Amino acid sequence: MSAMRSRTSGGGDARDRGPRPQVRRLPFTTASGAVARSRTFLRTAMQAYGWLPAPDQATELAADDILLVAVELVTNACLHGGGPVELRLVRLDGVVRVEVDDRSDRVPEPRSPFEGPRAGGHGLHIVRRLAREWGVLVHSGPRGRAGRGAPGKTVWAELAEPGLRGGDAGPGSGG
């Protein structure tokens, strides 16, 4: 079964720190089966947050966007990043941040979806379209990824939390 850990980051007195993010982690030891494990992990997390089964269409669409973006990032880590290391789902203040660590320090660049004979090329375009923001943090130097001395990067995307009503719903919300 998938190893899912949930924690609230930080320490000390919550009254002094304000809201703390909720972080759920899925570590990977191999790229084999990573996409399927990610889907199961994400659906389980979304059920725990009360986003699935969705109480309304807006919540369902926002949850679908999170699932699609996360799976695209994990797929890119498998195909272009030397394999995924960890998937994180971070929830704070109405924003869901999806983070995927991989083993390559090469920064991904969107390519033309119809470039050359290869299939694919849509992943980062999908991420760009659905996420409020996305980016890359390269882990270099002696500490490397997670202090292990290994090269790599974190590709992340931020989306609106499912079920929230109001003005800033983000580009993937259909509004």
Side-chain angles (χ1 to χ4, degrees), residues 1-7 21-54 59-91 95-139 144-146 148 150-162 170-173:
M1 215 67 213
S2 63
M4 181 172 71
R5 297 177 300 198
S6 180
R7 70 174 175 83
Q22 296 176 347
V23 181
R24 291 178 181 256
R25 300 171 182 273
L26 176 64
F28 298 99
T29 55
T30 178
S32 178
V35 172
R37 288 183 60 214
S38 296
R39 284 190 190 109
T40 301
F41 163 80
L42 292 160
R43 286 188 181 115
T44 301
M46 288 193 251
Q47 287 171 350
Y49 289 143
W51 303 337
L52 291 179
T59 301
E60 180 179 10
L61 292 173
D64 285 348
D65 287 352
I66 292 168
L67 181 64
L68 179 57
V69 166
V71 166
E72 287 295 338
L73 295 181
V74 171
T75 299
N76 282 351
C78 291
L79 296 175
H80 310 293
V85 174
E86 185 174 74
L87 166 62
R88 287 180 301 282
L89 192 64
V90 183
R91 179 183 180 201
V95 174
V96 175
R97 183 175 171 121
V98 176
E99 300 176 348
V100 177
D101 293 341
D102 68 29
R103 292 172 170 81
S104 170
D105 57 4
R106 187 171 155 252
V107 176
E109 295 181 25
R111 66 179 175 94
S112 171
F114 305 107
E115 186 177 284
R118 297 184 341 191
H122 301 279
L124 288 179
H125 295 288
I126 291 169
V127 171
R128 255 189 350 196
R129 177 73 179 116
L130 296 179
R132 289 178 169 182
E133 291 185 58
W134 76 280
V136 179
L137 176 62
V138 176
H139 308 285
R145 181 185 63 249
R148 295 186 205 124
K153 66 182 170 294
T154 301
V155 183
W156 58 269
E158 292 182 350
L159 298 95
E161 181 176 321
S173 64

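Bear in mind that the values here come from a model prediction, so they are computed numbers and not experimental data.
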Enquirer: Considering residues at least two apart in sequence or located in another chain, which fulfil the salt bridge (Lys or Arg N to Asp or Glu O under 4.0 Å) criterion with Glu99?
Expert: Arg88, Arg97
Enquirer: List for me each residue that meets side-chain contact (heavy atoms from CB on, under 4.5 Å) alongside Leu124, sequence neighbours excluded, and say none if there are none.
Expert: Asn76, Pro108, Pro110, Trp134
Enquirer: Atom CZ in Arg43, atom CG in Leu52: separation rounded to 0.5 Å?
Expert: 8.0 Å
Enquirer: Between the main-chain N or O of Gly83 and the side-chain N or O of Arg103, is there a donor-acceptor pair closer than 3.5 Å?
Expert: yes
Enquirer: Rounded to the nearest 0.5 Å, what's the gap from OG1 on Thr44 to CG on Leu26? Could you check?
Expert: 10.0 Å
Enquirer: Scan Val127, Asp102, Leu68, Ile126 and name whichever one has a side chain to side chain contact (heavy atoms under 4.5 Å, CB included) with Leu73.
Expert: Val127
Enquirer: Answer whether the closest heavy-atom distance between the side chains of Leu87 and Leu42 falls below 4.5 Å.
Expert: yes
Enquirer: State whether the number of non-hydrogen atoms from other residues, nucleotides or ligands found under 6.0 Å of Glu133 atom CD is greater than 12.
Expert: no
Enquirer: Taking C-beta and beyond as the side chain, do Val23 and Leu89 meet within less than 4.5 Å on heavy atoms?
Expert: no
Enquirer: Counting N and O atoms only, with roles assigned by atom type, does the side chain of Lys153 sit under 3.5 Å from a partner on the main chain of Arg106, one being a donor and the other an acceptor?
Expert: yes
Enquirer: Report the distance from atom CD of Glu60 to atom CG of Asp65, rounding to the nearest 0.5 Å.
Expert: 11.0 Å
Enquirer: So do Glu161 and Val95 actually touch side chain to side chain, heavy atoms under 4.5 Å?
Expert: no
Enquirer: Taking side-chain contact (heavy atoms from CB on, under 4.5 Å) as the definition, give me every residue that meets it alongside Ala34, ordered by chain and number, with sequence neighbours left out.
Expert: Phe28, Val74, Cys78, Pro84
Enquirer: Can you give me the closest heavy-atom contact between Ala160 and Arg132, atom names plus distance?
Expert: CB-NH2, 3.7 Å
Enquirer: Does NZ or CZ of Arg91 fall inside the cone over Tyr49's six-membered ring, less than 6.0 Å from its centre and within 45° of the axis?
Expert: yes
Enquirer: Given Glu86, which of Arg25, Arg37, Arg24 fulfils the salt bridge (Lys or Arg N to Asp or Glu O under 4.0 Å) condition?
Expert: Arg25
Enquirer: Show the numbers, then the answer: is there a side chain to side chain contact (heavy atoms under 4.5 Å, CB included) between Asp105 and His139?
Expert: CA-CA 7 Å; Asp105 57 4; His139 308 285; over 6 Å; no
Enquirer: Trp156: what forms a ring-ring contact (aromatic ring centres under 6.0 Å, His included) with it, not counting sequence neighbours?
Expert: none
Enquirer: Can a side-chain donor-acceptor contact be found between Ser104 and His80 if the only test is distance below 3.5 angstrom?
Expert: no
Enquirer: Nearest heavy-atom pair of Leu159 and Ala131: which atoms, and what distance?
Expert: CG-CA, 4.2 Å
